[in-house]
Engineer: 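Sending over a structure as structure tokens; questions will come in a sec.
Because the structure is a prediction, the values reported are computed rather than measured.
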Amino acid sequence: MNKNYPPVAYDVQSDPANESCYSYYLRNTERYGEYTVFSHQGKEHGKAEFIADIEAMAAFFKNELKLGRGDVLSAFLPPCIEGIIVFYAVNKIGGIVNFIHPMLPENQVDEILRLTKSNAVITPDFLASRLSALLKKYELPCVLTVSSAYAIDNKYDARPNAEALSSLKGRADKTYSYPEMLFKYKDERVESVKENENDIAMFSQGGGTTGKSKTIMIKNSNLNHLVRSIGSILPVTEEHGVETEVCAMPFFHVYGMASGGLSAMHSGKKVIFFPKFEPDSFVKALQNNKVVQFNGVPGLFRKLLVTPGFDGPHLANLKVMYCGGDDVRPALQNAYDAILSKYGSQAQICAGWGLTECCASCTANPYYKNKLGSVGIPLKNIDVCVFDPETNAPLPQGEIGQLAVSGPTVMAGYLETVKEERGKGIYVDKNGKQWVLTGDLGKIDEDGYVVFAGRIKRLIIISGYNVYPNDIEKLLTDNLSYIRECCAVQGYDENGRSLVRLYIVTADGETDKEKRFEEIKELCLQKIHRFAVPRDIRYIDVLPTTPVGKIDFMKLTQIRPNIK
């Protein structure tokens, strides 16, 4: 454990009241005064401008798009300041922001737009053509952002590219330019929705507790309490607008939006967003700013370590780095310890754990008491318990079972067309307390730290990306005649890194492994995300089954190896 830092939190001191996320932000940051809130391509922007742009966009959404309480704006935005501004603007008037992975296949986007009953869409101009058919189908208005807007002297002069405008002509119900709307409504204000802590603020796509993708409903109070909880484990921001946090985690996952974007905004740090993680640009940001914090998945940390220029005196500024999506291997931690200590920094990579149903952050290692091999302690006001997977009875300390989470960050439920499906994944104990049954295995050690042990649900997570085995299995059996049946499960490589392991029962008995691996790889790359491509293929005569005749995937799932 690193005990050299005092256990103090950053100065988000107030508990959430019956308020929106935007109201909570204004109340928490009022005492900071004017400071630099964000920087984009080296151009800095202050708090007064930030708030003015939120107010302008809120007026636009209400007056021109007629959005109000409960209406949905679907956002195809990467990590960028526009995403934060849009979220707070919609939040002010009581709407819901539905962040969607910009590169999801069209059929999945179609289903999400239909299920959420989206009223409008906002997207970067360079992605507009991909959405044109769906905009026409649902007769939705579209707002186009321009990546250069906050990098030029006059943001109002930025214009969407002609190709984007052309692709939406006759398809979008109406097309709007984000910079033009900022200018049109720059001096206007609209009334805020009041007493709305239990209103839905955000939809996020998650794995559910069954491994099937679900739309998760997240309330204002969920996000506000998460921001407050994160503040209890982070160091004080000593120089507002100078100390910097770099954010590269996607907004379509609540971890990037809440634990990254919203948390950074409340802390009073200057924030630099990276719509796409580019190691060289990331390193330049570290060199040219007083970066005290950044978060990421293990892959991000590994790439930075071998990027020229990462090693340098600028690392002395770092106070903490948080890693989620997978565990931190000792070799990676040791490599960072060596390079940071060379420049006098006591920062470490601190592992955390959570799931979308609980705003993605449930436990984390405090920067001042980091325990390697664990995923930290429960955040403020969040309870983590270990249940027997069969009976849901609490297990004694030190025993491995299913991790369950309770507290103010627990979701409102799933947005499903069948009402009975909405409460799935939430267990109510005999005392009436609600728990999310995570489908993850773990234990609580003698110091109260949570130790992650693997997954009992079918969802596979690789570098923070959700991989659904059913998608892989259906794709292969529908398209490759020589596969009679198959089962995709969690596996690990020789370094303990997560991968997809595929078991195949062939229809013809032939096992030309090299040829067929290439065919499987090519098909998967064409149809699904690259993280879902099986990297470990094994042939089996018969897939094991449960007593009721279902494929027993747990018998094929690899338990996390103990890599030293």
Engineer: Is the backbone of D110 close enough, under 3.5 Å, to the side chain of Y138 for a donor and an acceptor to pair up by distance?
Structural biologist: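 Pair found, side chain donor or acceptor close to backbone of D110.
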Engineer: Any donor-acceptor pair under 3.5 Å linking the side chain of S166 with the backbone of E163?
Structural biologist: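 No; zero donor-acceptor contacts below 3.5 Å.
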Engineer: State which residues pass salt bridge (charged side-chain N to carboxylate O under 4.0 Å, His left out) with D153; sequence neighbours excluded, sorted by chain then number.
Structural biologist: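 K43.
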Engineer: Check the orientation of Y35 and Y32. Use parallel for under 30°, tilted for 30 to 60°, and perpendicular for over 60°.
Structural biologist: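 If you compare the ring of Y35 with that of Y32, the planes turn out perpendicular.
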Engineer: Got a donor-acceptor contact below 3.5 angstrom from the S129 side chain to the S167 backbone?
Structural biologist: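 No: the side chain of S129 does not pair with the backbone of S167.
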Engineer: Any salt bridge linking E106 with R130? Criterion: basic side-chain nitrogen under 4.0 Å from a carboxylate oxygen.
Structural biologist: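 A salt bridge is absent here (no side-chain N lies under 4.0 Å from a carboxylate O).
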Engineer: Give the C-alpha distance, both sets of side-chain angles, the deciding distance and a yes or no for ring pair (Phe, Tyr, Trp, His ring centres under 6.0 Å) between F251 and F87.
Structural biologist: CA-CA 10 Å; F251 288 169; F87 173 79; 9.2 Å; no
Engineer: What I'd like to find out is whether the side chain of C323 reaches to under 4.5 Å of the side chain of F301, using heavy atoms alone.
Structural biologist: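 In contact.
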Engineer: Please list every donor-acceptor pair under 3.5 Å in which a side-chain atom of residues 272-297 meets a protein atom from a residue at least two apart or in another chain.
Structural biologist:
residue	atom	partner	partner atom	Å
E278	OE1	S281	OG	3.4
Q287	NE2	G309	O	3.2
N288	ND2	K284	O	3.1
N289	OD1	K270	NZ	2.9
N289	ND2	A285	O	3.0
K290	NZ	E239	OE2	2.4
Q293	NE2	N295	OD1	3.3

Engineer: Quick one: list whatever passes side-chain contact (heavy atoms from CB on, under 4.5 Å) with P534, sequence neighbours left out.
Structural biologist: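 side-chain contact (heavy atoms from CB on, under 4.5 Å) check on P534 returns I472, V500, L502, I520, C524, I537.
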Engineer: Above 12 or not: heavy atoms from other molecules or residues under 6.0 Å from CD of E191?
Structural biologist: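 No, the 6.0 Å shell around CD holds no more than 12 heavy atoms from other groups.
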Engineer: Can you tell me if R535 uses its side chain to pair, donor with acceptor, with the backbone of A532 under 3.5 Å?
Structural biologist: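 Flag not set: sc R535 to bb A532 has no pair under 3.5 Å.
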Engineer: So which of L140, I122, L134, T116 actually passes side chain to side chain contact (heavy atoms under 4.5 Å, CB included) with S74?
Structural biologist: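 By the side chain to side chain contact (heavy atoms under 4.5 Å, CB included) criterion, S74 pairs with just one of L140, I122, L134, T116: T116.
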Engineer: Any sub-3.5 Å donor-acceptor pair from T215's side-chain atoms to L415's backbone N or O?
Structural biologist: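 Checking the backbone N and O of L415 against the side chain of T215, no donor-acceptor pair under 3.5 Å is found.
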Engineer: Answer yes when K155 and E49 have at least one side-chain N-carboxylate O distance shorter than 4.0 Å, and no when they do not.
Structural biologist: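 So K155 pairs with E49 through a salt bridge.
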Engineer: What orientation do H529 and F531 show, parallel under 30°, tilted 30 to 60°, or perpendicular over 60°?
Structural biologist: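 Plane angle under 30°, so parallel.
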